[in-house]
There are 4 protein chains.
Amino acid sequence: MASNRQKEIALAAVKLFEQKGYHATSVQDIADEVGLQKGSLYHYIHSKEDLLLQIAHEAITEFNDNLQAVLDTDMSAPEKLVKAVENHITVSVSNMETTTVLLREAFSLGDPQHQVIQDLTDKYVDLWTQVLEEGARSGEFHVREPKVVALAILGACNWVYRWYRQSGQLTPSQVARVFSDMFLNGLTSDNHPGVQQ
Amino acid sequence: MASNRQKEIALAAVKLFEQKGYHATSVQDIADEVGLQKGSLYHYIHSKEDLLLQIAHEAITEFNDNLQAVLDTDMSAPEKLVKAVENHITVSVSNMETTTVLLREAFSLGDPQHQVIQDLTDKYVDLWTQVLEEGARSGEFHVREPKVVALAILGACNWVYRWYRQSGQLTPSQVARVFSDMFLNGLTSDNHPGVQQ
Amino acid sequence: MASNRQKEIALAAVKLFEQKGYHATSVQDIADEVGLQKGSLYHYIHSKEDLLLQIAHEAITEFNDNLQAVLDTDMSAPEKLVKAVENHITVSVSNMETTTVLLREAFSLGDPQHQVIQDLTDKYVDLWTQVLEEGARSGEFHVREPKVVALAILGACNWVYRWYRQSGQLTPSQVARVFSDMFLNGLTSDNHPGVQQ
Amino acid sequence: MASNRQKEIALAAVKLFEQKGYHATSVQDIADEVGLQKGSLYHYIHSKEDLLLQIAHEAITEFNDNLQAVLDTDMSAPEKLVKAVENHITVSVSNMETTTVLLREAFSLGDPQHQVIQDLTDKYVDLWTQVLEEGARSGEFHVREPKVVALAILGACNWVYRWYRQSGQLTPSQVARVFSDMFLNGLTSDNHPGVQQ
DNA sequence: CATGAATGAGAATTCATTCAT
DNA sequence: TATGAATGAATTCTCATTCAT
């Protein structure tokens, strides 16, 4: 039900939060970006912090929904892991600004609001852990610490926003494949897709 | 040549920056923590931002030095990787506050100063990449994108500060072993240390 | 000639001004109370301040009219005083919200408008003074400073809104009788109505 | 322990609050009055509201202390009442600005802070009521509703700030005598001090 | 060394009012 | 008549930094 102006403001905020950081972005900056007076912004937002909350909320929700969808399929565990990595990185890169705000700026949220994002983030870790537990149960994965492994994989994926830039590099899918290959096959084993052929 | 007072101030700042974030920490907060007046702090620091720079600089330098030391040994590539992961996670966890400030708050540095940290961070990525390239050259690693793999591993390791808490979990070394195991052997291969026995 | 909507708005304003004070009441609050949008209010009012002026004006006018009516009778001076006190307190209590706004909030009026209320208030003091002067002239009252006495009585009566609450206390008329009794007979003389009988 | 600057600021605030009202006085106004920058004020005050609280607190405390001192003497009840009226009006007039702020502006205090003043004000009413109860017990006063009578007297006294101006009128003591005379002897009885002689 | 007064720029937010639709 | 978007000025308060003592 967000009006155009609301979307416009959220987009401007995402852009500025990504560029300068939440704290270094003033409400004036956002107003300037959308061509409104500072005061007029408050027809659309509750507070600057609320704007950040909304952005972060939408971002983490998309990650959660995507991963839940993968879990709901009847793929094998390795297939799910590959797909989950692919999804995460693709979304990360195509919504790089939003992802950056989620991962870098959400900590600036005050306490009741920060917890909302924290809870959804915990949920995301749980879903990743489920992927690994499924594989462990089926014998497809050799995992004794599924949660720690999930956090390792998630960490690798969440770091992408810090280094990925479009500049003449691998596509998100290619990055995802490099990641999945290592996660599944390791660096020292022989069964690598590129190598096998 | 840092005096006791300077160290004390840096420690207070690290603690507060970790707890509340750089922006939410006022110079007054730091002064209170060390039992000085706000004005007196400026006998020891140039600016709040400079304090952050020093903390981040020291942190990233330690990571760099440790990794360089590993590279300077004559271990095999897999051994180096294992050692590097072990070092990174151990240091991360034992200096959790400092590491948190480095990874979460350094972005708040203004431009000339942020670049200093960025350059050292790039250097750190280079060193990791060297580990992988060594393994690739020697045939020990099956890696076609050593830098991307380095970034994956680094991302996994850099994420640890976000979830590791002392509370009844694995030790840093155990976490490091879980990580290395996956990086080297993958989730699907059979040659896992824990499994072999 | 006030329309229903205008009356409704004035009532809402009185209620809110009494509860929260004039400054703490926003035009939005009033709009919410009557179920209109902020902008729509301005079809009915000139300004928030004008609303306050109207409320205060109506209130002080009623006090003046009532007192003038008493003066216009051919009662004795003591009877007039008793009646005036009774009127004032009765009206005060039955229109407590309006009276509160008049006595507590009218000061918030800006200068040209505040003077309107001030003049009517001065008039009210004059009327009270007339009651006392009548009694002085007729020898019924022993008064050498009729205006000061008028102000004492008025002060006592105007204070009622600060403490009178319906909660199981005297009725307004009973309060008025306690007041008049003291004003007429004093605390130490022997001729008190209740005592004589 | 208030420094000179703190007193100076409080005095400036009292003056401005009395002249323009609390809400119409900006922190800027106060800063201008004492010749400081807006921000510098905050070395001395917690908030604008706190400034108001302090002023009101000091004022009501003085009234309470004075009345308690009268109660602690061994005067007769009528003497105590005369003295209490004299004290109240004298203090009222000599600290007219402060008294005005207490009686007119304290309502602007937000809730936890307003209650502090309210409680002290309730205490003041209690003390007045004690004066009347003493007289009732000793038979010196003919009073059946000591609290209501106390409120009448207090109301009369508290109204003084609204009309008393130095301009060629009675002195505070003379006003007090006019008041006491009516309260004690009434308007219609024969035993008035001036009349007896 | 240490203080604490002072700065001054800047922050988020509120709000009465206007006006095109 | 009703809306709600837009204004723009004002407000309180914060804060890193400086400097005379």
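First the proteins, then the strands, lettered A, B, ... as listed; each starts at 1.
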For [N], does either OP1 or OP2 sit under 4.0 Å from a side-chain N or O belonging to [X]?
| X | N | result |
| --- | --- | --- |
| Q37(C) | dA2(F) | no |
| Y42(A) | dT13(E) | yes |
| R5(C) | dT1(F) | no |

Whole-Å distance between [N] [atom2] and [X] [atom1]?
| X | N | atom1 | atom2 | value |
| --- | --- | --- | --- | --- |
| I9(D) | dC13(F) | CD1 | P | 14 Å |
| L51(D) | dC13(F) | CG | C1' | 14 Å |
| H23(D) | dT12(F) | NE2 | C1' | 12 Å |
| H46(A) | dT13(E) | NE2 | P | 10 Å |
| Q6(B) | dA2(E) | CD | C1' | 15 Å |
| I45(B) | dC15(F) | CD1 | C1' | 13 Å |
| E49(B) | dC15(F) | CD | C1' | 15 Å |
| L36(D) | dC13(F) | CG | P | 16 Å |

Should the heavy atoms of other residues, nucleotides or ligands under 6.0 Å from [atom1] of [X] be counted, would the total exceed 12?
| X | atom1 | answer |
| --- | --- | --- |
| H114(B) | NE2 | yes |
| D111(A) | CG | no |
| Q115(D) | CD | yes |

Exercise. Base, sugar-phosphate alone, or nothing: which one does S40(C) contact when heavy atoms must sit under 4.0 Å apart?
Worked result: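 Contact class for S40(C): base.
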Exercise. Considering Watson-Crick and G-U wobble pairs with both distances under 3.5 Å, what does dT21(F) pair with?
Worked result: dA2(E)
Problem set entry | Identified side-chain hydrogen bond (donor to acceptor under 3.5 Å, both in side chains) partner of D29(A) from the options K15(A), K20(A), Q19(A) | K20(A)
Nucleotide of [options] approaching [X] most closely (side-chain heavy atoms):
| X | options | answer |
| --- | --- | --- |
| K38(A) | dA6(E), dA12(E), dA6(F) | dA12(E) |
| K48(B) | dT17(E), dT12(F), dA16(F) | dA16(F) |
| Y44(D) | dA6(E), dA16(F), dT17(E) | dA6(E) |

Exercise. What heavy-atom pair brings E18(A) and V101(A) nearest, and what distance separates the two atoms?
Worked result: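 Here E18(A) and V101(A) meet closest at N-CG2, 3.9 Å.
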Exercise. Closest nucleotide of DNA chain E for L41(D) versus for D29(A): which of these residues is on the 5' side?
Worked result: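 Whichever sits nearer the 5' end wins; that is L41(D).
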Problem set entry | Given DNA chain F, 5'-ward residue of the pair Q28(B) and G35(A), judged by closest heavy atom |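 This one resolves to G35(A).
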Seminar exercise, completed: Ranking H43(A) and Y22(D) by the position along DNA chain F of their nearest nucleotide, the one closer to 5' is H43(A)
